[in-house]
Peer 1: 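Sharing a structure here in structure tokens format.
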There are 2 protein chains.
Amino acid sequence: MHTVPDLRAHGGADAFLRNCASRAVLDLLTNKWVCLVVGALRPGTMRFGELRRRLDGVTQKMLTQTLRDLERAGLVHRAVYPSVPPRVEYSLTPLGQNVAGLMDAIRVWSEEHIDDIRTAQEAYDTKAGEELQPV
Amino acid sequence: MHTVPDLRAHGGADAFLRNCASRAVLDLLTNKWVCLVVGALRPGTMRFGELRRRLDGVTQKMLTQTLRDLERAGLVHRAVYPSVPPRVEYSLTPLGQNVAGLMDAIRVWSEEHIDDIRTAQEAYDTKAGEELQPV
DNA sequence: CGGTATCCAACAGGATACTG
DNA sequence: CAGTATCCTGTTGGATACCG
């Protein structure tokens with residue numbers, strides 16, 4: 001009763017705390033494939049095969065798993081049309097659209113700052129090697 | 001010559017492509033601990049021990065590794081004061097501050113949408129169980 | 001086409017012990 | 001205090017095969 005654990009602006013949620021539910025949400029969002037799937041769906045509905053081709057390097061398993069996680073979290077809607085061959089379309093829910101701006105921003109930031117990062121990494125690696133042989 | 005691979009606003013970088021360097025940057029940023037470390041450092045400099053206490057549940061190993069990755073990428077500055085006992089202070093570089101708003105936004109979004117996510121997940125799990133026993 | 005199931009290698013990441 | 005080193009386990013994630 002003596003230590004109310006640091007209530008915040010929103011209902012007491014704090015992702016810095018290990019057992020706070022928001023930590024799990026953060027864990028869901030901070031994922032490469034989640035970011036790319038949401039980014040890909042932002043312009044509109046896509047089929048499974050379209051997504052697989054768009055997300056270069058994704059395996060069927062990872063794409064399925066990512067889409068299930070997002071569907072379960074209510075960020076993505078899955079529509080099945082029982083035609084032959086089967087047709088499955090994925091789209092963002094309102095909640096998914098709500099976070100899509102953020103996901104897109106991260107991807108765009110990554111694309112825009114490649115050179116900054118690479119330059120810094122090369123400098124770091126060079127310096128690490130040099131201080132072993134000062135002369 | 002017929003298919004220039006979709007140049008974008010910035011210099012042709014496209015995180016949807018497997019071998020694009022921006023994919024690696026995206027991989028660095030989409031990480032729970034990265035998000036929390038950058039968020040923790042946003043208000044100002046912190047010592048290693050302070051960070052460890054702030055990021056509830058982080059192990060020494062993961063925190064060290066995360067800080068090294070961020071330092072190497074040029075997002076975090078590491079200052080060592082050779083006193084006894086040693087004092088090491090971490091702070092955001094300008095580049096780190098540049099991305100910190102984004103990282104913070106993700107964490108805050110996670111904290112603000114816990115209920116939406118949990119409600120959706122419970123509905124999903126309930127529905128999955130029901131369709132095995134319709135009657 | 002859009003999955004599911006299975007196997008397996010690799011790596012992430014936790015616990016512990018030790019060091020300048 | 002701020003690490004590094006080592007060990008070990010669990011999960012990630014790739015490859016492959018099969019199904020409705």
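The chains referred to below are lettered A, B, ... by the order of the sequence lines, with proteins before strands, and numbering in each begins at 1.
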Peer 1: Give a yes or no answer on whether the side chain of D56(A) reaches the backbone of R18(B) with a donor-acceptor pair at less than 3.5 Å.
Peer 2: yes
Peer 1: Take D69(B) and R72(B), measure what salt bridge (charged side-chain N to carboxylate O under 4.0 Å, His left out) needs, and give me the verdict at the end.
Peer 2: CA-CA 5 Å; D69(B) 288 345; R72(B) 179 168 178 267; over 6 Å; no
Peer 1: Taking NZ, NE, NH1 and NH2 as the nitrogens, is one of them in R118(A) or E122(A) under 4.0 Å from a carboxylate oxygen of the other?
Peer 2: yes
Peer 1: Are Y90(B) and dC1(D) close enough that a side-chain N or O sits under 4.0 Å from OP1 or OP2?
Peer 2: no
Peer 1: Grab the CZ-C1' distance between R18(A) and dG14(C) for me, whole Å please.
Peer 2: 11 Å
Peer 1: To the side chain of P85(B), which of dC1(D), dG14(C), dG14(D) is closest?
Peer 2: dC1(D)
Peer 1: What are the residues of residues 60-82 of chain B, sorted by number, that bring a heavy atom to within less than 4.0 Å of DNA chain D?
Peer 2: Q60(B), K61(B), T64(B), R68(B), R78(B)
Peer 1: Angle, rounded to 10°, between the helical axes spanning five pairs at each terminus of the helix from dC1(C)-dG20(D) to dG20(C)-dC1(D)?
Peer 2: 50°
Peer 1: Roughly how many Å is it from CD in E89(A) to P in dG2(C), rounded to a whole number?
Peer 2: 9 Å
Peer 1: Knowing that exactly one of N98(B), L95(B), L92(B), V34(B) qualifies, which makes a side-chain contact (heavy atoms from CB on, under 4.5 Å) with L75(B)?
Peer 2: L95(B)
Peer 1: What do the steps show when you test R107(B) against F16(A) for side chain to side chain contact (heavy atoms under 4.5 Å, CB included), and what is the final call?
Peer 2: CA-CA 9 Å; R107(B) 182 178 50 76; F16(A) 284 104; 3.6 Å; yes
Peer 1: Considering only dG20(D), dA2(D), dG3(C), which nucleotide approaches the side chain of F48(B) most closely?
Peer 2: dA2(D)
Peer 1: Does the salt bridge (charged side-chain N to carboxylate O under 4.0 Å, His left out) test come out yes or no for R87(A) and E89(A), once each step is laid out?
Peer 2: CA-CA 7 Å; R87(A) 181 180 184 86; E89(A) 292 189 344; 3.1 Å; yes
Peer 1: Among pairs that include at least one residue of residues 59-113 of chain A, which meet ring pair (Phe, Tyr, Trp, His ring centres under 6.0 Å), considering only residues two or more places apart or in two chains?
Peer 2: W109(A)-H113(A)
Peer 1: Look at the side-chain N and O atoms of R47(B) and state whether any lies under 4.0 Å from the OP1 or OP2 oxygen of dA2(D).
Peer 2: yes
Peer 1: I need the CG-P distance between D27(A) and dA12(C), as an integer number of Å.
Peer 2: 15 Å
Peer 1: I'd like to know if E50(B) pairs up with R54(B) as an ion pair, taking the criterion as any Lys NZ or Arg NE/NH1/NH2 lying under 4.0 Å from an Asp or Glu carboxylate oxygen.
Peer 2: no
Peer 1: Can you tell me the distance, in whole Å, between the CZ atom of R52(B) and the P atom of dT4(D)?
Peer 2: 13 Å
Peer 1: Answer yes or no: is there a side-chain heavy-atom contact under 4.5 Å between P86(A) and V80(A)?
Peer 2: no
